[in-house]
Amino acid sequence: MPIVYDGATGVFHLFNRRISYYLGLSEHGLLQHLYFGSRLNKIDRRSMTDLGWDWSETYLGPDDVERRRTGFYSDRSLMELAPHGANDKRGAPVIIRYPDGSRLTAFFYRSHRIYTGKPDLGMLPCTRAGDSEATSLEFTLTDQAGTVECRLTYTVFENLDVIARNMTLRRLTDSDIRVLRAYTLELDLPESTYDLIHFCGDWAQERFLDRAPLHDGTQSFCSNYGRSSHEENPFALLAEPSATETTGQAYAFGLVYSGNFDFAASVSKWKTTRVLLGLGDFDFEWSLGEELVAPEALLAYSNEGIEHLSHTFHDLIRNNLIRYPAVAKPRPLLFNSWEGTLLTFDTEKIIRYIDEAARIGAELFVLDDGWFGRRDTDDRSLGDWTVNEGKVDLKTVIDHCHRRNMKFGLWFEPEMISYDSDLYRTHPEYALGGRKVERSLSRHQLVLDSSLPAAVDCIFAQMCAVLDAYEIDYVKWDHNRSVAEIASAATPSGEVYHRLVLGTYDLIDRLESRYPHVFFEGCASGGGRYDLGMLCYCPQIWTSDETDPIQRLFIQYGTSFAYPPSTMGAHVSKSAVTGYTTKAEIALFGTYGLEMDPGGLTDSERTEIMKVNEIYHRYHCDVIQNGTFYRLRSPFETNYAAFMSVAQDRKTALVFFANILKENNRFRFLKLRGLDPVREYRIAGDQSVYTGAYLLNVGINLTRWLDEFTSFLFILEAVE
Ligand code: DGJ
């Protein structure tokens, strides 16, 4: 059993072959953190908790006078669920407001149980694991008065160096209990010499890497945009300053959630580090009815650099998070109409697009925005999900697609409502913001109040009507503005942000259950909601509206720290900094699709695309979709971007290299990763045969003149 409890010492040990997580009960029943790192079969709890002062303070209560000098001083102990309002000032994960106004929040151990498998979170997305894959430890804790229960669960995975942490708060009495903060994750580390790496940006510049040393005080980032956001991502790393892709200790933190979140890393006066991650507490006040289930948090450890953390998350996402059953199967080559047509099209134009898309190899045609209501401009019709037959004869279009052996996909933006829509005219209360306040428009639209079950039901019924009437294989699920004015017709404002997300999860969950054959792709003005929550429902997410290939290198590179290429919506588009071959090769390291006016392509551009299509069909599924991804050169730190993917059997690999600024002749070798050192590999177009060991230790020779934006794609195949 990979979770062991030693009743004599009050210590719990969660482990797999490579990692150990130790926690213990303090004499007072608080949960103390002891260790998270490489596998250790034994620890010395005394030495870990006796921090050398000859004075110490006990935690609470009059009878504690007798218990001084216990070596437990909550301010400098490492904690699992630090109390709020006591002498520990490093920030607490949970804050409750009691009916008398008090916010003193502390949870004490009552019982625990250990079981195989992993809990499911009902209406919240989460990782899944069978009985042979994971073991869980569930604590039941209550506050001192027995008013609120906190169920804290840790799951250790057999083959992944990650711990999942879940938390549910439950009211045990009738009193008016308000939850002001409910962060799922706290990790206290006994050191502070770490770099914080997080992924920030903007529209068309998502997940740019930022790495800086931790220093005294709190370094934090969050989203209060109502979605996980372009601006920050609910994923971060702490790494030893010297840690590289392949060396050093590092931790990764991820939240399975698509709304507001908070991340904080606080360096204390004792030079410990406290990491907190969870549901954003911006404008959050939750009246605790029956229970509040907090989003799942994941924390991973590596003693062999950052790459291993990415691999852990990539595998977890592909095998334990995404629900779509055919996630590992080859995906049809997608063509999207948006950049070609925008909102201006009719049946004839779409038929022509389908024919031309077929000529460049498309196998799935996606009709983007513009097919519904009176949507000829983007200031109207969101919420009116009925086909605009006068504009596009959808049945004819779909039949045409299917006759050409292409699948058909349709765009929706279910969580939005236009002022100029029948839905708004009939149900103005479905728009967030209330009519008394001045509402900020963004892309001329309002946010649908999906905290209202009636609004969700209404959109569900409309979407079902379309999905029932037409043969649709794919849905693109967009979300084109962030949330502002959170006044709701019925939901208390402190609950709106979270209930909006719950409404969204409910809607997509119901649709997926009803249409299990439909493939859902997420999107939010590009990559504004690229997170573990949406990935549970959407095996791929549109990574960014930026399709300039060089910008894309940065975006996809940053995204790859948490998320595998198989999830990164990436299209070859018209954007013109490089030729089509480079653009297509970069898209290949995502999901690969096409998006432009296909009729506007020259013959030679078409040929360039078709060549990469061949590579897509031959290698993508084994090597990129289901293979292992390695970052070789960072565009954030060097003049290059280089990465590669290796098939699981290590017989085939694709390697991409690009430089940004021009470089004269110079020695330049690109050492590869992940190959089998004893195999021999042939590189397509190269006469020589190289051993894996040679390519790992010497690398591919790139000693040559490089004009700006020169790129190479190397295809390696093992020689049998
Ligand atoms: C934003 C998306 O990122 C685009 O791909 C496109 O679907 C537009 N919305 C449509 O409005």
Side-chain angles (χ1 to χ4, degrees), residues 201-207 225-231 258 334-345 349-350 353 357 362 364-385 388 391-392 408-418 420-421 441-448 463 472 474-483 519-531 534 538 540-549 551-552 555-556 559 567-575 583 587 590-598:
D202 191 2
W203 173 80
Q205 200 180 298
E206 295 91 340
R207 291 167 296 285
Y225 289 87
R227 57 184 176 188
S228 47
S229 88
H230 299 89
E231 288 74 8
S258 311
L334 179 156
F335 179 93
N336 183 292
S337 65
W338 176 249
E339 287 196 9
T341 64
L342 299 176
L343 297 167
T344 315
F345 56 81
K349 186 167 182 180
I350 296 300
Y353 261 64
L364 160 65
F365 183 88
V366 179
L367 181 58
D368 209 282
D369 196 353
W371 55 269
F372 55 93
R374 294 181 302 107
R375 184 79 168 172
D376 292 324
T377 52
D378 64 8
D379 58 356
R380 63 184 68 160
S381 294
L382 296 172
D384 298 345
W385 301 106
N388 181 350
K391 179 173 179 178
V392 60
F408 181 79
L410 202 58
W411 178 96
F412 287 90
E413 195 178 358
E415 303 145 273
M416 297 291 156
I417 177 166
S418 302
D420 184 0
S421 66
L441 286 177
S442 182
R443 211 200 190 199
H444 319 289
Q445 65 199 52
L446 296 167
V447 177
L448 181 91
M463 290 179 74
I472 290 163
Y474 161 110
V475 163
K476 177 172 172 187
W477 186 293
D478 209 343
H479 185 277
N480 280 307
R481 63 159 291 178
S482 55
V483 178
F519 183 98
F520 286 74
E521 173 160 359
C523 177
S525 313
R529 198 164 60 177
Y530 203 125
D531 56 63
M534 286 316 282
C538 303
Q540 64 189 46
I541 296 181
W542 182 227
T543 315
S544 177
D545 275 345
E546 181 59 88
T547 52
D548 168 278
Q551 284 287 324
R552 266 279 173 157
I555 294 167
Q556 292 179 199
T559 303
T567 66
M568 291 182 209
H571 298 170
V572 185
S573 84
K574 188 161 178 285
S575 178
K583 290 193 269 194
T591 58
Y592 194 69
L594 311 168
E595 181 167 350
M596 75 284 283
D597 174 359

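Start at 1 and go down the list; that is how both ligands and their atoms are numbered. Since the model is a prediction, treat every value here as computed from it, not as a measurement.
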### Query
Any cation-pi pair here, Arg375 with Trp411, using under 6.0 Å and within 45°?
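Pair Arg375/Trp411 does not count as cation-pi.
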### Query
How about Tyr474 and Glu521: does a side-chain donor come under 3.5 Å of a side-chain acceptor?
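Present: a donor and an acceptor within the cut-off.
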Are any of the N/O atoms on [X], whether in the backbone or the side chain, positioned under 3.5 angstrom from an N/O atom of ligand 1?
X      : value
Asp478 : yes
Asp369 : yes
Glu595 : no

Salt bridge present between [X] and [Y] (N-O < 4.0 angstrom):
X      : Y      : result
Asp531 : Arg207 : no
Arg374 : Asp420 : yes
Glu413 : Lys476 : no

### Task
Take atom NZ of Lys349 as the centre, draw a 6.0 Å sphere, and report whether it contains more than 12 heavy atoms from other residues, nucleotides or ligands.
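Counting neighbours around NZ of Lys349, more than 12 heavy atoms of other residues, nucleotides or ligands fall under 6.0 Å, so yes.
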### Task
Would you check whether Glu339 reaches within less than 4.0 Å of ligand 1, judged by its heavy atoms?
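Not so, Glu339 does not reach ligand 1.
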[X]: numbered ligand 1 atoms lying under 4.0 Å from its heavy atoms:
X      : value
Gly526 : 3 (O)
Trp542 : 3 (O), 5 (O)
Lys476 : 4 (C), 5 (O), 6 (C), 7 (O)
Cys523 : 2 (C), 3 (O)

Side chain, backbone, both or neither: which part of [X] comes within less than 4.0 Å of ligand 1 when only heavy atoms are counted?
X      : answer
Asn480 : side chain
Glu413 : neither
Arg443 : side chain
Ala524 : neither

### Task
Please find out if less than 6.0 Å separates the ring center of Trp477 from that of Phe412.
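No.
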### Task
List the closest protein heavy-atom neighbour of atom 7 (O) of ligand 1: residue, atom name, distance to the nearest 0.1 Å.
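Sorting protein heavy atoms by distance from atom 7 (O) of ligand 1 puts Asp368 OD1, 2.7 Å first.
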### Query
Can you tell me which residue and heavy atom of the protein come closest to atom 3 (O) of ligand 1, and the distance to 0.1 Å?
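For this ligand atom, the closest protein heavy atom is Asp545 OD1, 2.4 Å.
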### Query
Within a strict 4.5 Å, meaning less than it, do heavy atoms of the Phe408 and Ile472 side chains meet?
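In short, these two side chains touch, coming nearer than 4.5 Å.
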### Query
When the ring planes of Phe335 and Phe365 are compared, do they come out parallel, tilted or perpendicular, using 30° and 60° as the limits?
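Ring orientation of Phe335 relative to Phe365: parallel.
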